[in-house]
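One structure is given below, encoded as structure tokens.
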Amino acid sequence: MAVRVQGEDFDIGAEVRRLTAGRTDIGAVVTFTGVVRAENAGEALTSMTLEHYPGMTEHELERVEEEARERWPLQASLIVHRVGTLKPGDNIVLVVTASAHRQAAFAAAEFLMDYLKTRAPFWKREQGGDGKERWVDAREADEAAVERWQGRAGE
Amino acid sequence: MAVRILYFAWVREQTGKAEEIVDLPAGVKTVADVVAWLKGRGPEYGQAFARAEVIRAAIDHKHVQPTASIAGAREIAFFPPVTGG
């Protein structure tokens with residue numbers, strides 16, 4: 001179980017190998033990678049800068065991870081989130097979940113992403129092709145995604 | 001009560017500072033009280049907190065509601081809804 005906030009890129013293969021090294025109790029590994037797109041809400045962007053709240057970010061990610069472990073039987077998990085300036089095509093976030101069977105790993109990965117998007121203190125600022133900058137607005141769809149987990153036990 | 005206040009994203013841009021130490025009067029008891037008190041400190045705070053309903057708060061790294069008590073708080077942060085992931 002680990003969370004990391006970093007400026008540099010991550011290597012998905014290396015992260016999975018590190019997480020599963022020497023383990024023979026893991027039957028399923030799910031990875032989710034969030035990537036920067038070249039457009040958002042119809043607006044072109046050339047780069048995006050991610051700001052966060054050092055200290056709270058790590059605490060919040062740890063709390064979210066702990067909640068996932070209470071709901072599903074996870075053998076291992078990892079959250080890596082990048083900060084700083086990123087360009088279209090760059091990785092933003094990595095979530096890895098490992099379990100004995102796939103259902104728990106799939107569900108926990110989705111849960112971690114839904115919670116991370118509405119609770120972890122990160123803010124995106126986009127730089128547009130027109131030279132303009134704007135803060136990204138929170139999406140109602142993300143709130144709705146997290147609400148569907150409430151009052152629902154882990155499978 | 002001396003407390004460290006932090007601002008992030010556009011709240012930071014509008015207040016013009018990332019953090020400050022403030023001495024809160026005794027009557028300031030909740031997060032909403034802190035916002036009301038800050039708004040009285042100058043036009044930049046008035047602007048930053050003009051849409052107070054969209055601003056989120058955290059006490060000592062935990063999300064809290066405007067009605068939350070600030071008793072014992074060391075660090076209070078104000079920021080827009082988060083947009084990570």
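Model, not experiment: these values are computed from the prediction. Each chain gets a letter, A, B and so on, in the order its sequence line appears, and its residues count up from 1.
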So which atom in [X] and which in [Y] form the shortest heavy-atom distance, rounded to 0.1 Å?
| X | Y | result |
| --- | --- | --- |
| Val82(B) | Ala138(A) | O-CB, 4.0 Å |
| Thr83(B) | Val136(A) | CG2-O, 3.3 Å |
| Tyr53(A) | Ala77(B) | CE1-CB, 3.4 Å |
| Glu60(A) | His61(B) | OE1-O, 4.0 Å |
| Phe8(B) | His52(A) | CE2-O, 3.5 Å |

Could you name each residue pair satisfying ring pair (Phe, Tyr, Trp, His ring centres under 6.0 Å) that touches residues 80-101 of chain A, not counting sequence neighbours?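 Found His81(A)-Phe122(A).
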Honestly curious: do [X] and [Y] fall in one hydrophobic cluster under the side-chain, below-4.5 Å linking rule?
| X | Y | result |
| --- | --- | --- |
| Val29(A) | Trp72(A) | no |
| Leu24(B) | Tyr7(B) | yes |
| Tyr115(A) | Leu61(A) | yes |
| Phe111(A) | Leu78(A) | no |
| Ile92(A) | Val35(A) | no |

Looking at Glu51(A), Met56(A), Arg63(A), which one has more heavy-atom pairs under 4.5 Å with chain B than the rest?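 Going by pairs under 4.5 Å, I would pick Met56(A).
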Close side-chain approach of Arg12(B) to Trp123(A), heavy-atom, < 4.5 Å: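 Sidechains of Trp123(A) and Arg12(B): no contact.
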Do Arg125(A) and Trp10(B) make a side-chain contact, defined as non-hydrogen atoms from C-beta onward lying under 4.5 Å apart?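 Of all side-chain heavy-atom pairs linking Trp10(B) with Arg125(A), none is under 4.5 Å.
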For chain A, which residues of residues 31-55 of chain B have heavy atoms nearer than 4.5 angstrom: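 Listed by number: none.
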Relative to chain B, which segment of Asp142(A) carries a heavy atom at a distance below 4.5 Å: side chain, backbone, both, or neither?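 Neither the backbone nor the side chain of Asp142(A) comes within 4.5 Å of chain B.
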So how far is it from Arg56(B) CZ to Thr118(A) OG1, rounded to the nearest 0.5 Å?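 With rounding to 0.5 Å, CZ (Arg56(B)) is 10.0 Å from OG1 (Thr118(A)).
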Any donor-acceptor pair under 3.5 Å linking the side chain of Lys124(A) with the backbone of Gly85(B)?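 Present.
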Take a 6.0 Å sphere around CZ of Arg4(A) and say whether it holds more than 12 heavy atoms from other residues, nucleotides or ligands.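 Enclosed.
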